[in-house]
Amino acid sequence: MEKILLIGACGQIGAELTMQLRAAYGDGNVVAADVKEPNSEIRESGPFEHLNVLDAASFGDILERHSPTQIYNLAAMLSATGEKYPLKAWDLNMNGLLNTLELSIIHEVKKVYWPSSIAVFGPTTPRVMTPQETVMEPNTIYGISKQAGERLCEWYHQKKGVDVRSLRYPGIISYKTEPGGGTTDYAVDIYFQAKRKGSYECFLKEGTALPMMYMPDAIRATMELMEAPANTISVRSSYNLAAMTFAPEEVAASIQKEIPDFAVSYAPDFRQAIAESWPASIDDSVARKDWGWKPEFDLDAMTKDMLEHVR
Ligand code: SER
């Protein structure tokens, strides 16, 4: 029987992944953990532990008490906030991962999941259909921490036998839990403002295409990767993962098909430079070949679903 510890359970991805894992593995078998207070859905449906992933003693104590077979560590500081607090971002993103990997060995955890990001790529990376293996010179602290983290994952797999698995998430769009501090967050906010105000001021310029994915696809990708037999996993750094790619005016046009009066203006800030350093589209053929990845949602299907659910 699998028992899972998910750290970062109050975040944009963690909150939804916790509930999906509970549905799949049983509510009592998925321990949610975070530094923050959980929402009522997470608190009432299964076990919750307060945990700062940097506190190795408390982390070890939780592993001792729950004996999970799998750890998902989703605690991280994202790209835009990371540029404001670089040392904190580095500490959380790197030492949180190191604690996870080291403690997974001590406590004989069978599988580890850790998310990477399109932020591992940089301005010298080929921008269109960025391949799995390519030039990687990230220039944000977040991207540097994810790139170093990928090297750690591969090292712990090769040298210590840790069954660690990872995905390079594109921008993730969802309506349940807000994202925080990311460069791709505009693509979430634009739906909320379309419903609430009928207009949106975008912090990226027209023409800034970025790889994106709807949350149900991101959750399914994560669970499919973790359920795949170990011998099908050829990438132990992190897999490229793709679903769609769009620029702000394209998501605006998709929303206008449902809300014709929706208006967008553009006021780019420091996040424009971050976006311009990242790929416009991603080649995820290795994930498709190794464990059968295939996205379901395109832009218009996502827009319809988002606008139905956003309050
Ligand atoms: N969504 C993240 C960010 O914008 C990228 O991984 O920081």
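Counting convention: from 1, in listed order, for ligands and their atoms alike.
- Using cut-offs of 30° and 60° on the angle between ring planes, the pair Phe297 and Tyr214 is perpendicular.
- Thr245 places a side-chain N or O within donor-acceptor distance of the main-chain N or O of Leu210, the cut-off being under 3.5 Å.
- Atoms CH2 and OH, on Trp114 and Tyr156 in that order, are 13.0 Å from each other to the nearest 0.5 Å.
- With Asp185 contributing its side chain and Gly182 its backbone, the two residues share a donor-acceptor pair below 3.5 Å.
- For ligand 1, residues of the protein lying within 4.0 angstrom by heavy-atom distance are Leu78, Ser79, Ser117, Tyr142, Gly182, Thr183, Thr184, Trp278.
- A centroid separation of less than 6.0 Å is found between the aromatic rings of Tyr239 and Trp291.
- Looking only at atom types and distance, the side chain of Asp290 has no donor-acceptor partner in the side chain of Thr232 under 3.5 Å away.
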